[in-house]
Undergrad: 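I have a structure here, written as structure tokens, and I will follow up with some questions on it.
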Amino acid sequence: MQLYYASASPFARKALVTLHETGQLDDVEIVAATGTPLDASQMPTAHNPLGKLPALSRPDGPAIYDSRVICRYLDARAKAGLYPDRSQWETLTLEATADGIMDAAVLMVYEGRCRPENLQSADWVNGQWDKISRALDAITTRWMSHLAGPMDMGHIAIACALGYLDFRHDDRAWRKGRDALDDWFATFSQRDSMQATRP
Ligand SMILES: N[C@@H](CCC(=O)N[C@@H](CS)C(=O)NCC(=O)O)C(=O)O
């Protein structure tokens, strides 16, 4: 298999952390790719027509994409149990929350990087941050007991989302007033899979 990957992509990191955690690293070649909505020339568009990372090519079927699909596939392939039956909908909702944080955080970066300065909107960027902020508050009020339980895909996704906030939006100080989430992230970040995939 080949994983199309960029170390700065939190979505690609989700896939790579999942490979680490499920013991499948040796089954995959990591292929570096890069791009933005303005330039897909170095993106694996033959494998993902959307021109986004990650994408995974497989010997036993067509390439698959979207980190949620790839992580679910890798979990099923290794029978790793990262989407436990007893909490399937919670796990998927937590993963969706993390992906939404990443989407908003990536759009904030693209606004500054891909749009001409005179067309950039501070209100729009702040609106993206408001989504992130509400999601972080929801995690601290609703999801800490889930995060305290056995690791599932929700844990991996949230950790990759928080890692991206540190990487790209450190100035927004997401930890302020969210001590429990900060503590959880500090502990989760010690895992080999997280250390090996730091952006
Ligand atoms: N929903 C997708 C989002 C993937 C995504 O947005 N990846 C970014 C990198 S962080 C990308 O490839 N951006 C290029 C673009 O939007 O053209 C997933 O979960 O894989």
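Side-chain atoms are counted along with the backbone in the values below, which use heavy atoms only and exclude waters and symmetry mates. Each ligand, and each atom within it, is numbered from 1 in the order the structure gives.
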Undergrad: Relative to the ring of H155, is the ring of W184 parallel (under 30°), tilted (30 to 60°) or perpendicular (over 60°)?
TA: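 Geometry flag for H155 against W184: tilted rings.
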
Undergrad: Just by modelled atom types, is the C71 backbone N or O under 3.5 Å from a matching donor or acceptor in the D75 side chain?
TA: no

Undergrad: Could you name each residue pair satisfying salt bridge (Lys or Arg N to Asp or Glu O under 4.0 Å) that touches residues 182-199, not counting sequence neighbours?
TA: E21-R191, R175-D182

Undergrad: Report all N/O contacts between ligand 1 and the protein shorter than 3.5 Å as a table of atom names and distances to 0.1 Å; if there are none, say 'none'.
TA:
| residue | atom | partner | partner atom | Å |
| --- | --- | --- | --- | --- |
| ligand 1 | 1 (N) | D66 | OD2 | 2.9 |
| ligand 1 | 7 (N) | L53 | O | 2.9 |
| ligand 1 | 12 (O) | L53 | N | 2.8 |
| ligand 1 | 13 (N) | Y110 | OH | 2.8 |
| ligand 1 | 17 (O) | P37 | N | 3.2 |
| ligand 1 | 19 (O) | D66 | OD1 | 3.3 |
| ligand 1 | 19 (O) | S67 | N | 3.2 |
| ligand 1 | 19 (O) | S67 | OG | 2.7 |
| ligand 1 | 20 (O) | S67 | N | 2.8 |

Undergrad: Considering residues, nucleotides and ligands other than R115, do more than 12 of their heavy atoms fall under 6.0 Å from its CZ?
TA: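 Counting other residues, nucleotides and ligands, CZ of R115 stays at 12 neighbours or fewer.
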
Undergrad: Checking side chain to side chain contact (heavy atoms under 4.5 Å, CB included) against F11, which of D99, I70, L53, D66 comes through?
TA: D99

Undergrad: Does L38 share a hydrophobic cluster with V125, counting links as ILVMFWY side-chain heavy atoms below 4.5 Å and allowing steps through other members?
TA: no

